[in-house]
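Just below is one structure, and these are the notes that go with it.
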Amino acid sequence: MKNIFKKSFLAAAAITALMLWQEPATAYAFNVTPIDVVEMYATSATPVYATPDLLSPVVVYLDRFTNVRVNGITDNGFFRVDLNGVFYIPGPFMVSQIEPAKTEKQKALDALDDFAEAYRMQLEFMESYSEKFALIDVTGDGIPEIFDDAGREIYTYYNERPVMMYYSDNPITFYYSKKDNVLLGKYKWNKNEIWEVYNKDVSLLPWGQFKCVSTVASPYTGNAVAVSREYTNNAETRADIKNILKKMLSL
């Protein structure tokens, strides 16, 4: 009885396994349309297949911007490529040209609404203590920073987010040296006029901050240009801040 039960169980299992088993899926149509050889570029971690079939093993992954010679297109969306042999790459992983990384200025233009709103809110916050303000690019990335009328605050926009770059309770007046592309700070201490040199520092914050690197700035007094505070910090100016920034970013 036990042997009969065991044989029946094995037979049922075999039938169930046979019913569940299916042939491996194959990619639709391997027909290749030859094309004139064109140069294309891989995107990040681009998979290379031996056949135009996503179920086949990946031969290798290509680094971003790897140059690839394409000589055919399959009707299921693969490029036939020449990599010291015939291989296939899915279409979405290839681009016809390398897109350079966007600059901070381009990012700010792409996010102009958010950029303008961040500056508008900051200026609204500053209104109680700063009647005038300046917009000037002192970091050389094309994005103007906000200076208050006493030169105590620098506010800017990096990587699509606002950042307080520098703040001081001391009455520092900021100047910008076009000759040396550095920001200068001037204040009085014990009746002496002190000049400081500020450079962009990214050692602690990836988007940068201003850092005093020297107090020996007397040579700069001759060529430093005062940062003019030409804008009035009122509701009318803040309402127009998007147009003001757009003009500056479009230069």
Side-chain angles (χ1 to χ4, degrees), residues 13-118 137 139-144 156-163 165 200-209 242 245-251:
I15 292 172
T16 301
L18 184 62
M19 292 174 64
L20 293 175
W21 183 84
Q22 297 179 356
E23 290 187 5
T26 57
Y28 167 75
F30 284 1
N31 296 322
V32 180
T33 301
I35 62 173
D36 293 335
V37 175
V38 295
E39 301 287 336
M40 297 189 72
Y41 301 91
T43 57
S44 297
T46 293
V48 178
Y49 294 87
T51 64
D53 185 350
L54 292 176
L55 299 177
S56 65
V58 175
V59 177
V60 69
Y61 287 95
L62 299 180
D63 292 333
R64 188 182 184 195
F65 298 152
T66 299
N67 184 276
V68 179
R69 291 166 57 86
V70 178
N71 56 33
I73 302 175
T74 71
D75 50 13
N76 63 338
F78 282 75
F79 287 113
R80 186 177 66 186
V81 301
D82 178 8
L83 293 171
N84 294 323
V86 177
F87 298 96
Y88 298 86
I89 296 176
F93 286 91
M94 299 287 285
V95 292
S96 58
Q97 60 183 6
I98 297 175
E99 292 291 338
K102 289 187 176 181
T103 64
E104 295 297 336
K105 184 176 180 179
Q106 290 169 328
K107 291 177 185 177
L109 267 173
D110 289 345
L112 183 59
D113 287 338
D114 293 338
F115 179 26
E117 180 62 14
D137 174 22
T139 58
D141 62 357
I143 301 178
T156 194
Y157 194 80
Y158 276 93
N159 292 325
E160 301 181 6
R161 58 176 165 172
V163 178
M165 296 290 282
K200 187 177 176 184
D201 175 46
V202 294
S203 59
L204 297 177
L205 301 176
W207 53 84
Q209 63 182 341
K242 179 178 177 180
L245 291 170
K246 185 177 181 179
K247 288 178 182 177
M248 298 184 77
L249 292 170
S250 299
L251 294 177

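Partners of Asp82 according to the side-chain hydrogen bond (donor to acceptor under 3.5 Å, both in side chains) rule, which considers only residues two or more places apart in sequence or in another chain, do not exist here. With sequence neighbours left out, the salt bridge (Lys or Arg N to Asp or Glu O under 4.0 Å) criterion links Asp36 to no other residue. Phe79 pairs by the ring-ring contact (aromatic ring centres under 6.0 Å, His included) definition with nothing, not counting sequence neighbours. In this structure, the side-chain contact (heavy atoms from CB on, under 4.5 Å) partners of Leu112, at least two apart in sequence or on a different chain, are Phe115, Lys242, Leu245, Lys246, Leu249. A search for side-chain contact (heavy atoms from CB on, under 4.5 Å) contacts involving Tyr41 returns Asn67, Val95, Ile98, not counting sequence neighbours. In this structure Arg69 satisfies the salt bridge (Lys or Arg N to Asp or Glu O under 4.0 Å) test together with Glu39, sequence neighbours excluded. With sequence neighbours excluded, the residues forming a side-chain hydrogen bond (donor to acceptor under 3.5 Å, both in side chains) with Thr43 are Thr46, listed by chain and number.
In terms of heavy atoms, Ala50 sits closest to Val59 at N-CG2, 3.6 Å. Scanning all heavy atoms of the two residues, the minimum distance from Pro47 to Pro90 falls at O-CD, 3.7 Å. Pairing each heavy atom of Asp53 with each of Ser56, the nearest pair is O-OG, 2.6 Å. The two residues Ile35 and Gly72 have their closest heavy-atom pair at CG1-N, 3.5 Å. Across every non-hydrogen atom of Lys105 and Ser250, the tightest pair is CE-N, 4.5 Å.
Under the side-chain hydrogen bond (donor to acceptor under 3.5 Å, both in side chains) criterion, no residue pair touches residues 83-96, with sequence neighbours excluded. Residue pairs that meet the ring pair (Phe, Tyr, Trp, His ring centres under 6.0 Å) test with at least one member in residues 52-74, sequence neighbours left out, do not exist here.
Contact check for Phe78 versus Ile89: no side-chain heavy atoms found under the 4.5 Å cut-off. Residues Pro52 and Arg80 fail the side-chain proximity criterion, which asks for heavy atoms closer than 4.5 Å.
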